[in-house]
Amino acid sequence: MTDFENDVTASLQVLRSGGLILYPTDTIWGIGCDATDEEAVKKVFALKQRPEAKSLVILLADVKDLLKYVAHPSPDIADVLAGFDRPTTVIYEGALDLAPNVINSDGTVAIRIVKDTFCRHLIKRLRKPLVSTSANISGQPSPATFADVSMAIRNGVDHVVGYRQDDTTPAQASRIIRLRKDGSIEVIR
């Protein structure tokens with residue numbers, strides 16, 4: 001049993017019981033929970049001291065999963081996503097079957113399809129999308145490495161993933177874009 005496997009198992013137990021994890025993503029360290037569990041999502045906002053009006057990013061493992069959580073994804077979305085050269089979060093209209101507090105007031109939801117092995121294992125085995133929001137108190141800088149994550153955040157979650165804690169490669173938050181109805185792309189971050 002590897003550390004990786006132990007981390008996945010421990011994370012799944014916490015996620016299934018409505019808890020929060022601190023985990024490495026395809027970008028920066030994130031605070032995560034089951035994106036369909038409204039009470040768990042409330043805990044994320046409370047820990048970050050962030051207003052619930054600000055939406056959170058949702059992680060999925062496969063493009064086909066968009067069909068479960070977005071009303072009408074563009075027919076060529078797989079091709080669009082395949083063309084990105086770095087982690088990119090896309091804002092979609094018509095969110096479905098997610099906790100109401102992860103959906104923006106205008107009905108949109110921010111979703112990123114992850115290639116990261118750890119995240120993919122978690123999502124596939126949880127069989128639900130994961131919330132991913134930067135592991136910081138709202139207004140503080142996003143942590144580039146695990147060492148940059150504050151003790152307030154580390155102590156505020158139910159499980160801290162050990163995997164990749166010693167990775168000191170500085171990470172960046174994802175790019176965020178909105179796909180317009182006409183197929184054009186608006187870059188938000």
Side-chain angles (χ1 to χ4, degrees), residues 7-62 65-71 73 87-114 116 118-143 146 149-161 173-174 176-178 188-189:
D7 264 328
V8 170
T9 304
S11 296
L12 287 170
Q13 286 173 334
V14 166
L15 293 166
R16 288 182 181 131
S17 63
L20 306 185
I21 61 169
L22 173 60
Y23 69 117
T25 72
D26 55 334
T27 58
I28 58 180
W29 276 76
I31 301 167
C33 72
D34 172 349
T36 65
D37 182 336
E38 187 174 2
E39 290 305 311
V41 174
K42 281 182 181 168
K43 293 178 191 173
V44 173
F45 281 112
L47 177 58
K48 283 184 67 80
Q49 301 167 28
R50 179 175 173 161
E52 286 206 29
K54 285 199 158 196
S55 54
L56 300 170
V57 173
I58 307 302
L59 301 183
L60 290 174
D62 293 301
D65 296 333
L66 284 171
L67 298 170
K68 294 180 203 163
Y69 302 105
V70 176
T88 300
T89 300
V90 179
I91 296 175
Y92 297 92
E93 295 184 7
L96 300 172
D97 296 330
L98 293 164
N101 46 357
V102 299
I103 301 170
N104 209 329
S105 54
D106 63 2
T108 59
V109 62
I111 298 177
R112 188 163 76 247
I113 311 293
V114 287
D116 176 79
F118 186 79
C119 291
R120 288 177 58 87
H121 272 268
L122 268 189
I123 296 162
K124 284 179 174 290
R125 287 173 52 190
L126 185 63
R127 297 188 177 179
K128 291 184 178 162
L130 272 184
V131 161
S132 175
T133 180
S134 56
N136 59 324
I137 304 292
S138 197
Q140 301 287 320
S142 298
F146 177 76
V149 178
S150 74
M151 289 315 291
I153 297 290
R154 294 183 200 192
N155 294 331
V157 298
D158 302 292
H159 177 66
V160 178
V161 171
S174 75
I176 299 180
I177 65 164
R178 181 187 300 267
I188 293 169
R189 177 177 81 195

Colleague: Taking Ala61's backbone N and O only, do any of them form a donor-acceptor pair with Arg120's side chain (distance below 3.5 Å, no angle check)?
Modeller: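 Checked: pair present.
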
Colleague: Taking only residues two or more places apart in sequence or in another chain, which ones pass salt bridge (Lys or Arg N to Asp or Glu O under 4.0 Å) with Lys48?
Modeller: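 Lys48 satisfies salt bridge (Lys or Arg N to Asp or Glu O under 4.0 Å) with no other residue.
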
Colleague: Side-chain contact, heavy-atom cut-off 4.5 Å: Ser11 with Val161?
Modeller: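 With C-beta onward as the side chain, the pair touches.
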
Colleague: For the atom pair CG (Asp37) and CG (Leu15), what is the distance rounded to the nearest 0.5 Å?
Modeller: 9.5 Å

Colleague: Closest heavy-atom contact between Pro143 and Asn136?
Modeller: CD-CB, 4.2 Å

Colleague: Measure the NE2-OG1 distance between His121 and Thr9 for me, rounded to the nearest 0.5 Å.
Modeller: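 One gets 11.0 Å once the value is rounded to the nearest 0.5 Å.
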
Colleague: Just to verify, what does Arg125 make a salt bridge (Lys or Arg N to Asp or Glu O under 4.0 Å) with, not counting sequence neighbours?
Modeller: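 Salt bridge (Lys or Arg N to Asp or Glu O under 4.0 Å) check on Arg125 returns Glu5.
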
Colleague: Ile28 and Ser142: which non-hydrogen atoms are nearest, and at how many Å?
Modeller: CD1-CB, 3.6 Å

Colleague: Evaluate whether atom NZ of Lys124 has more than 12 neighbouring non-hydrogen atoms of other residues, nucleotides or ligands under 6.0 angstrom away.
Modeller: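 Above 12, so yes.
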
Colleague: Say whether, by atom type as modelled, one donor and one acceptor occur between the side chain of Arg50 and the main chain of Ser55 under 3.5 angstrom.
Modeller: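 Checked: pair present.
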
Colleague: Find the distance between OG1 (Thr36) and CG (Leu130) and round it off to the nearest 0.5 Å.
Modeller: 10.0 Å

Colleague: With sequence neighbours excluded, tell me which residues meet salt bridge (Lys or Arg N to Asp or Glu O under 4.0 Å) with Asp97.
Modeller: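 Result, salt bridge (Lys or Arg N to Asp or Glu O under 4.0 Å) vs Asp97: none returned.
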
Colleague: Please name the pair of heavy atoms, one in Ala40 and one in Gly18, separated by the smallest distance, quoted to 0.1 Å.
Modeller: CB-O, 3.6 Å

Colleague: Would you compute the distance between atom CD1 of Ile123 and atom CD1 of Ile113 and round it to the nearest 0.5 angstrom?
Modeller: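 These two atoms lie 8.5 Å from each other.
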
Colleague: Do you know which two heavy atoms are closest between Thr89 and Ala110, and how far apart they sit?
Modeller: CG2-CB, 3.7 Å

Colleague: Can you tell me how far the CG atom of Leu96 sits from the CD1 atom of Ile103, to the nearest 0.5 Å?
Modeller: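 If I round to the nearest 0.5 Å, the distance is 8.0 Å.
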
Colleague: Taking only residues two or more places apart in sequence or in another chain, which ones pass side chain to side chain contact (heavy atoms under 4.5 Å, CB included) with Gln49?
Modeller: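 Here the qualifying residues are Ile137.
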
Colleague: Heavy atoms, side chains only, cut-off 4.5 Å: are Tyr69 and Leu60 in contact?
Modeller: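 With C-beta onward as the side chain, the pair touches.
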
Colleague: Ignoring hydrogens and angles, state whether a donor on the side chain of Ser174 or Thr27 is under 3.5 Å from an acceptor on the partner side chain.
Modeller: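 Per modelled atom types, Ser174 and Thr27 side chains form no pair under 3.5 Å.
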
Colleague: State, with a plain yes or no, whether a side-chain heavy atom of Val131 is found less than 4.5 Å away from one of Ile58.
Modeller: yes

Colleague: I need the Tyr23 OH to Ser132 OG distance, nearest 0.5 Å.
Modeller: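 Rounded to the nearest 0.5 Å, the OH-OG separation comes out at 3.5 Å.
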
Colleague: Is the side chain of Asn101 donor-acceptor paired with the backbone N or O of Glu38 at a distance under 3.5 Å, no angle test?
Modeller: yes

Colleague: Could you check whether any side-chain heavy atom of Thr25 comes within less than 4.5 Å of a side-chain heavy atom of Val114, counting everything from C-beta outward?
Modeller: no

Colleague: What side-chain donor-acceptor pairs closer than 3.5 Å can you find for residues 152-160, not counting sequence neighbours?
Modeller:
| residue | atom | partner | partner atom | Å |
| --- | --- | --- | --- | --- |
| Arg154 | NE | Val149 | O | 3.0 |
| Arg154 | NH2 | Phe146 | O | 3.0 |
| Arg154 | NH2 | Ala147 | O | 3.4 |
| Arg154 | NH2 | Val149 | O | 3.2 |
| Asn155 | ND2 | Met151 | O | 3.2 |
| Asp158 | OD2 | Leu20 | N | 2.7 |
| His159 | NE2 | Asp7 | OD1 | 3.3 |

Colleague: Give the minimum heavy-atom separation between Ile31 and Ala135, together with the two atoms involved.
Modeller: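 Heavy atoms only, the tightest pair is CG1-CA, 3.8 Å.
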
Colleague: For a quick test of reading the model, state the closest non-hydrogen atom pair linking Cys119 to Pro24 and the distance between them.
Modeller: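 Closest approach of Cys119 to Pro24: SG-O, 3.5 Å.
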
Colleague: Are more than 12 heavy atoms from other residues, nucleotides or ligands located less than 6.0 Å from atom CZ of Arg127?
Modeller: no

Colleague: Checking Arg178 now: which residues fulfil side chain to side chain contact (heavy atoms under 4.5 Å, CB included) with it, not counting sequence neighbours?
Modeller: Ile91, Asp106, Thr108, Glu186, Ile188

Colleague: Any side-chain heavy atom of Leu56 within less than 4.5 Å of one from Phe45?
Modeller: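 Counting from C-beta outward, Leu56 and Phe45 do come under 4.5 Å.
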
Colleague: Quickly, which of Leu98, Ile111, Leu59 forms a side-chain contact (heavy atoms from CB on, under 4.5 Å) with Pro129? Name it, please.
Modeller: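 That would be Leu98; it is the only one of Leu98, Ile111, Leu59 passing the side-chain contact (heavy atoms from CB on, under 4.5 Å) with Pro129.
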
Colleague: I want to check something: taking the side chain as every heavy atom from C-beta on, are Leu126 and Leu12 in contact at a cut-off of under 4.5 Å?
Modeller: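 They are in contact (side-chain heavy atoms under 4.5 Å apart), so the answer is yes.
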
